[in-house]
Structures are given as C-alpha cells and as structure tokens.
Amino acid sequence: MTAHATPIPVTGTGTAYTGVCTYRGLTLFSTAGATVTVYDNTAASGTILAKFVLGANGDKHIDIADGARCGTGIHLVASAAVEGSVRVG
C-alpha cells in the first residue's frame, strides 16, 4: 500500500517544502501558460524532478506512486502564475 501524501498549495515560483521528504507528484493549472521546473532543493538549482510546458489554460498531473526521495526539499519555478499543489509524503 502506498503511503499517504500531503498536498502543498503552490501559486508560482517558490519553495513548496523544506527538508528531507518524498515527492509524490503534482497537479498544476495555468491560465496564461507556463514553463515549470521542479527541483530537489530550496532554490532554482539541483536535481530536476520534473520539467514541462503548460499551454494556455493547460494542466498537468504527475503521480509517482512510490515517490522520489528528496534530500533538501522541493522548489518549483514557473514562468507565469500557476494554481495547484505539490504532493509530499
């Protein structure tokens, strides 16, 4: 059985979680469209966990059932406003 995950709300560039954790995925939406990069870090560098482009009025759902262990935290960089959450276990 997969462990539960906590959704962390995000609205744009910033650190979603600080500390060791398990990245379990995300759900994002953008009205304008955006390029999004998710890092294992508390800054815009380090190991890339996900990178994608959202078109105008686009959404993206990533589900990592077993998760990916992050040693530093989860930092999201978006080129425009986004709505949604990053899931942390």
Side-chain angles (χ1 to χ4, degrees):
M1 185 167 127
T2 303
H4 294 284
T6 301
I8 309 293
V10 295
T11 56
T13 296
T15 299
Y17 191 87
T18 300
V20 175
C21 63
T22 302
Y23 169 66
R24 297 209 179 270
L26 57 75
T27 300
L28 292 178
F29 171 80
S30 177
T31 301
T35 299
V36 178
T37 307
V38 182
Y39 295 94
D40 174 3
N41 206 343
T42 55
S45 61
T47 302
I48 295 174
L49 301 170
K51 186 171 187 170
F52 53 90
V53 175
L54 293 171
N57 296 313
D59 63 348
K60 180 77 169 181
H61 179 80
I62 297 174
D63 185 28
I64 305 171
D66 291 334
R69 197 73 172 150
C70 296
T72 306
I74 299 174
H75 187 82
L76 183 136
V77 175
S79 63
V82 294
E83 301 175 54
S85 63
V86 173
R87 291 185 301 285
V88 178

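We number each residue from 1, following the sequence as shown. In this text the structure is predicted, and so the values were computed from the model without any measurement.
- In terms of hydrophobic clustering, with Ile, Leu, Val, Met, Phe, Trp and Tyr side chains grouped at heavy-atom distances under 4.5 Å, Y17 and Y23 are assigned to a common cluster.
- Shown here for G89 and R24, the closest heavy-atom pair between the two residues is CA-NE, 3.7 Å.
- Within the 4.5 Å cutoff, no side-chain heavy atoms of V86 are placed close to those of V38.
- Between the side chain of N41 and the main chain of T47, no donor-acceptor pair closer than 3.5 Å is present.
- Shown here for G71 and V20, the closest heavy-atom pair between the two residues is O-CG2, 3.5 Å.
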Under 3.5 Å donor-acceptor pairs involving side-chain atoms of residues 50-64, not counting sequence neighbours:
| from | atom 1 | to | atom 2 | distance (Å) |
| --- | --- | --- | --- | --- |
| H61 | ND1 | T27 | OG1 | 2.8 |

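- The distance from atom CD1 of I74 to atom OG1 of T18, rounded to the nearest 0.5 Å, is 10.0 Å.
- The closest donor-acceptor contact from the side chain of S79 to the backbone of T35 lies under 3.5 Å.
- Atom CD in E83 sits 6.5 Å away from atom CZ in F29 (nearest 0.5 Å).
- Residue C70 comes nearest to L49 through the heavy atom pair SG-CD1, 3.6 Å, listed as atom of the first residue, atom of the second, then distance.
- In summary, of the residues considered (T13, V36, T37), a side-chain contact (heavy atoms from CB on, under 4.5 Å) with L76 occurs for V36 alone.
- Looking only at distances, no side-chain donor or acceptor of R87 sits under 3.5 Å from a matching main-chain atom of I8.
- When all heavy atoms of S30 and A81 are compared, the closest pair comes out as OG-O, 3.2 Å.
- Residues L28 and G84 approach most closely at CD2-CA, 4.1 Å, considering heavy atoms.
- Judged as a side chain to side chain donor-acceptor pair (under 3.5 Å), and not counting sequence neighbours, the contacts of T22 are R69.
- For S85, the side-chain contact (heavy atoms from CB on, under 4.5 Å) test picks out P7, with sequence neighbours left out.
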